[in-house]
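Order of appearance sets the numbers: ligands from 1, and atoms from 1 within every ligand. If you're wondering where the values come from, they're calculated on a predicted model, not measured in any experiment.
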Amino acid sequence: MNFPKGFLWGAATSAHQVEGNNHNDWSEWELKNAERLSKVSGEKYPPENYISGRACDHYNRFREDFDIAKSLGHNAHRFSIEWSRIEPEEGKFDEKELEHYREVINALRERGLEPFVTLWHWTIPLWLRYRGGVFSKGFPKYFTRFASRMAIEFPDVKFWITLNEPEIYALNSYMRGIWPPQKRGIIKFFRATYALSLAHQEAFRAIKNINPNIKIGAALNMSYFEGVGIIGSILKKFVDQIWNKRFLWHISNELDFIGINYYFHNRVRNFKFNQNENKETSDLGWEIYPEGIYHVLKSLKKYKKLIYITESGVADANDIHRDKFIKEHLEWILKAIGEGEDVRGYFYWSLLDNFEWDKGFWPRFGLVEVEYKTMERKIRHSAWKYKEIIEKGGI
Ligand code: IFM
């Protein structure tokens, strides 16, 4: 079977993880926490591992990186605009940075890559952090002002993603307290996701007013919960609703497409979670379970939305699993398409090795290896195998 005509093929990145020299709540948090995180790793990784610093210097090398994406057969690319660059002070938009992203979008177009633009991928400008970040009363309004300005500045962008993985952000930043601003509590988790859903809704309506023809979605982290036994099957339904469907339910009237970021399978047996077989795992210890993407897709049929796989990737420094990982995920996606799911594109995470948040630089997700000392790019074998699938348009 083949993928439908016009299918979008590419890879994804996010500003803070690749650009370098950002100044936002994360960059400040890294400086304060690098020593601690290094100690927690038993000094396996030095403090520098935990500081995004120059990252991949993609801010300066985006043309070179897009040349690589083109040479790999991609016809689309997902990236994010860094809010803290564009609006470093409240209400003041930086013309130089607007020009920068104009050049980024033009560079994609010149290479035949369709831009998929994320407006918020977890980082908060410092002025907004001082006002309480997503807990600030004005958060939806501030986000909408930024989003509207982007839609006006870049009218030829056809695909906008408002938010990246709001649930993961709320979980780690507001419930587990391991990401900035390190708050803890279940109520805070719900409060954060609710604030983000309001921001999405308001921004959606504002962007549609500016240009009704563009497509707007959100990239949601969706896990496949598999229930084993009676208790597992009941519990699985419950967590599936809370994790995969709750946010979607809030925003489903303001949504053209669902972006799926699929990484996790979670087998629920009796009252225990994560009873996975873990036959194959990534360098991060995450189970590789391609079949899960099929079940996630099947569970979204009732929403009747277009679907893009906005992330699917594996940390695999030695490039042992990646080739098979991509092929098998695509096989399961094809099966879902064959059964009527409307999947329109696949973005591998990530084009480049990059800064993996509180884990730092050591996890290697890239189709392209980055030698951080020299910033040299080396295309991995699996990237060429992905290209073969793209060229065939099928498996
Ligand atoms: O690196 C992240 C990305 O920022 C969001 N989705 C998951 C990726 C891998 O953890």
Item to complete: Assess the pair Trp179 and Tyr169: is the distance between their ring centroids shorter than 6.0 Å?
Response: no
Fill in: Ring-ring centroid check Tyr308 Phe116, cutoff 6.0 Å
yes
Worksheet item: Using a heavy-atom cut-off of under 4.0 Å, does the side chain or the backbone of Phe355 touch ligand 1, or both, or neither?
Response: neither
Worksheet entry | N or O pair under 3.5 Å between Ser14 and ligand 1 | no
Worksheet item: Taking the six-membered ring for Trp, is the centroid-to-centroid distance between Tyr101 and Phe154 below 6.0 Å?
Response: no
Fill in: For Trp286, atoms of ligand 1 separated by under 4.0 Å from a heavy atom
10 (O)
Worksheet item: Considering distance alone, does some N or O of Asn261 sit under 3.5 Å from an N or O of ligand 1?
Response: no
Worksheet item: With distance as the sole test, does Arg78 use its side chain to make a donor-acceptor pair with the main-chain N or O of Thr310 at under 3.5 Å?
Response: yes
Worksheet item: Do Tyr386 and His74 make the cut of ring centroids closer than 6.0 angstrom?
Response: yes
Response to the item:
Checking heavy atoms under 4.0 Å, the part of Asn221 that sits near ligand 1 is neither
Item to complete: Flag His121 as yes when one of its N or O atoms lies below 3.5 Å from any N or O atom of ligand 1, and as no otherwise.
Response: yes
Worksheet, complete the sentence: Checking heavy-atom distances from atom 4 (O) of ligand 1 to each of Gln17, Glu356, His16, the winner is Gln17
Worksheet entry | Side-chain donor-acceptor contact under 3.5 Å, Arg131 with Tyr142 | yes
Practice prompt. Report the C-alpha separation of Glu97 and Tyr59 in whole Å, then their side-chain angles, then the decisive distance to 0.1 Å, and conclude whether the side chain to side chain donor-acceptor pair (under 3.5 Å) test is met.
Written response: CA-CA 11 Å; Glu97 297 294 356; Tyr59 186 84; 2.7 Å; yes
Fill in: Residue, atom name and distance, where the atom is the protein heavy atom closest to atom 5 (C) of ligand 1
Glu311 OE1, 3.3 Å
Worksheet entry | Distance-only N or O hit between ligand 1 and Glu165, under 3.5 Å | yes
Practice prompt. State the atoms of ligand 1, each with its element, that fall below the 4.0 Å cut-off from a heavy-atom position in Asn164.
Written response: 5 (C)
Worksheet, complete the sentence: If we number the atoms of ligand 1 from 1 as shown, the ones under 4.0 Å from a heavy atom of Trp122 are 4 (O), 5 (C)
Discussion item. Is the distance from the ring center of Trp9 to that of Phe3 below 6.0 Å?
Written reply: yes
